[in-house]
Number of protein chains: 2
Amino acid sequence: MSAELTRGENTQLEIVQAAHQLFIGQGYHGTSMRQIARSAGIALGGIYNHFSSKEDVFVAVLKAYHPYHEILAAIDVAHGDTIESFVESVATQMVAALRKHPEFLNLMLIEIVEFKSQHVPTLFSDLFPRFAEFGNVFASYQDRLRHIPELIMTRAFVGLFFSFYITDALIGSQIPAQMKEKALEHFIDIFLYGIVNRGQVETSKF
Amino acid sequence: MSAELTRGENTQLEIVQAAHQLFIGQGYHGTSMRQIARSAGIALGGIYNHFSSKEDVFVAVLKAYHPYHEILAAIDVAHGDTIESFVESVATQMVAALRKHPEFLNLMLIEIVEFKSQHVPTLFSDLFPRFAEFGNVFASYQDRLRHIPELIMTRAFVGLFFSFYITDALIGSQIPAQMKEKALEHFIDIFLYGIVNRGQVETSKF
DNA sequence: CCTACCGATCGGTAGG
DNA sequence: CCTACCGATCGGTAGG
């Protein structure tokens, strides 16, 4: 892709790539502009030809590396004649998409810890319409599901699998083999079992 | 409690308290030893009479403020004749315990982002035996539950409610009212519905 | 895009 | 053993 870039654009890209590597390895305050410059192959002052501040570099890294395009694409690609196959397809592809970008979790944690989530509202407002759209898919299977608001169902789905992803990424190496084995499949199974109405008496209190 | 402390112990406590406040507000690298000293009411050099380094201060803060004692106490206090009342009791008290210590999430994120989870194995190995013990409670309700390994069930439980806690803490202010309302109760309900065997044909693939 | 410099501040240390 | 300073210095920082 770099063949089509002007020299200026190429330098900008190298700054973002270098900064990304350093941020996920050392955090934001733990990384200096001099390190970024050196790693990008330019002088310190050269960064300020492309970015107005260190924070500006971080925002560019956030935008360049967040994988929600791919996660949402995974939702679009997902298919299934039944709610079961749909949920399994989405979950599998979401986890696969997140696993392809283990650095993103790190980036978001930096955003939370060192920026107090300052830039999150922007990211979330981009995401929310698609999030609501996802809820509509649940609504289309309404007759097979228990009476739970779609947005709650969507949040529970995202939360459950995001928590799977986070616990897998963070403490996966310490989790006993018994626990890791088929854990995602069990997570999917528990979620489905939790939302699908199997025709017996509705026991939800809500 | 401070009435029983020697002057040296009191100073040490004030350093830890000051450092805690600053770390959760600014991160580790975003906080200077001078800020900690000023906030603790002593000179910079005085910190080094109690701690050998800035990292040493952070470890002391981590140990002093992690609330797993209280979370595990919440589990001990939880009771219920049925799996439903037990899960509801534990979930409610865990969320309440975590909500009483919103700073702990921040501390753990600093540990992850800025220390690459270096100190986590120690914390987790303290926790794991109690974690397994919790799984045994599920085992005691075995005849009412689907055939899912206890540790998977425990991880799903912890993951689901930890994800509720995290999403609530991080983006709670941006979640539509419809979504927040009774969300915890719905989470509990979904989990219970997902693990309890209601006597019909077992549909789990596992 | 580089050189070179600024005011300031970083964690940590010295001896008194 | 502790508190509270001193002058000096470390590698590294934002920003012009």
Side-chain angles (χ1 to χ4, degrees), chain A residues 2 5-62 110-111 113-116 118-119, chain B residues 1-64 107 110-111 113-116 118-119:
Chain A
S2 63
L5 299 177
T6 66
R7 282 183 51 198
E9 287 168 342
N10 187 56
T11 300
Q12 190 155 341
L13 184 63
E14 284 183 33
I15 293 168
V16 169
Q17 289 173 339
H20 174 248
Q21 278 302 321
L22 290 162
F23 287 155
I24 63 176
Q26 308 174 340
Y28 175 80
H29 286 108
T31 298
S32 73
M33 289 294 264
R34 280 174 177 78
Q35 287 178 309
I36 296 171
R38 193 187 327 129
S39 183
I42 61 171
L44 170 65
I47 296 178
Y48 295 93
N49 292 322
H50 300 275
F51 301 96
S52 61
S53 67
K54 188 181 175 187
E55 179 167 350
D56 197 23
V57 175
F58 179 75
V59 172
V61 171
L62 254 193
I110 292 170
E111 159 71 3
V113 167
E114 306 194 68
F115 288 99
K116 307 271 105 189
Q118 278 174 38
H119 314 101
Chain B
M1 70 167 76
S2 62
E4 304 296 339
L5 299 177
T6 65
R7 283 182 52 197
E9 287 168 340
N10 187 56
T11 300
Q12 190 155 342
L13 183 64
E14 285 184 33
I15 292 169
V16 169
Q17 289 173 338
H20 174 247
Q21 279 301 322
L22 290 162
F23 287 155
I24 64 175
Q26 309 174 339
Y28 176 79
H29 287 108
T31 297
S32 71
M33 290 294 264
R34 279 171 179 80
Q35 287 177 310
I36 295 170
R38 194 187 325 129
S39 183
I42 60 170
L44 169 65
I47 296 178
Y48 294 92
N49 292 323
H50 302 275
F51 302 95
S52 62
S53 66
K54 190 181 175 187
E55 179 167 348
D56 197 24
V57 175
F58 180 74
V59 172
V61 170
L62 254 193
K63 287 186 181 167
L107 269 189
I110 292 170
E111 159 70 1
V113 167
E114 306 194 68
F115 288 99
K116 307 270 106 191
Q118 278 173 39
H119 316 100

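A note on names: the letters A, B, ... follow the listed sequences, proteins ahead of strands, and every chain is numbered from 1.
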In whole angstroms, how far is the [atom2] atom of [N] from the [atom1] atom of [X]?
X	N	atom1	atom2	result
A:Y48	D:dG16	OH	P	9 Å
B:I47	D:dT3	CD1	P	12 Å
B:E55	C:dC10	CD	C1'	16 Å
B:I36	C:dT9	CD1	C1'	15 Å
A:M33	D:dG16	CE	P	11 Å
A:Q35	C:dC10	CD	P	18 Å
A:L44	D:dG12	CG	C1'	11 Å
B:F51	C:dG11	CZ	P	15 Å

Between [M] and [N] - [atom1] atom distance, rounded Å:
N	M	atom1	answer
D:dA8	C:dG12	P	22 Å
C:dG15	D:dA4	C1'	14 Å
D:dA14	C:dC5	C1'	13 Å

Please report the closest heavy-atom contact between [X] and [Y], naming both atoms and the distance.
X	Y	answer
A:S53	A:Y48	CA-CE2, 4.1 Å
A:I42	A:I47	CD1-N, 3.7 Å
B:G27	A:V113	CA-CG1, 4.4 Å

With a cut-off of less than 4.0 Å, is there a side-chain N or O of [X] near OP1 or OP2 of [N]?
X	N	answer
B:S53	C:dG11	no
B:H50	D:dT3	yes
B:S32	C:dT9	no

Does any donor-acceptor pair link the side chain of B:R34 with the base of C:dG12 at a separation under 3.5 Å? yes
Does B:Y28 use its side chain to pair, donor to acceptor, with the backbone of A:H29 at less than 3.5 Å? no
Side chain of B:A43: nearest nucleotide among C:dG12, D:dA4, C:dA4? D:dA4
Starting from the 5' end of DNA chain D, give me the residue, A:K54 or B:G45, whose nearest nucleotide shows up first. B:G45
Need one value for B:I42: base, sugar-phosphate or nothing, where a base atom within 4.0 Å counts as base even if backbone is also close, heavy atoms only. sugar-phosphate
Check every strand shown and say whether A:S52 touches a base, only sugar-phosphate, or nothing at a heavy-atom separation below 4.0 Å. nothing
With sequence neighbours excluded, residues passing ring pair (Phe, Tyr, Trp, His ring centres under 6.0 Å) with B:H20: B:Y65
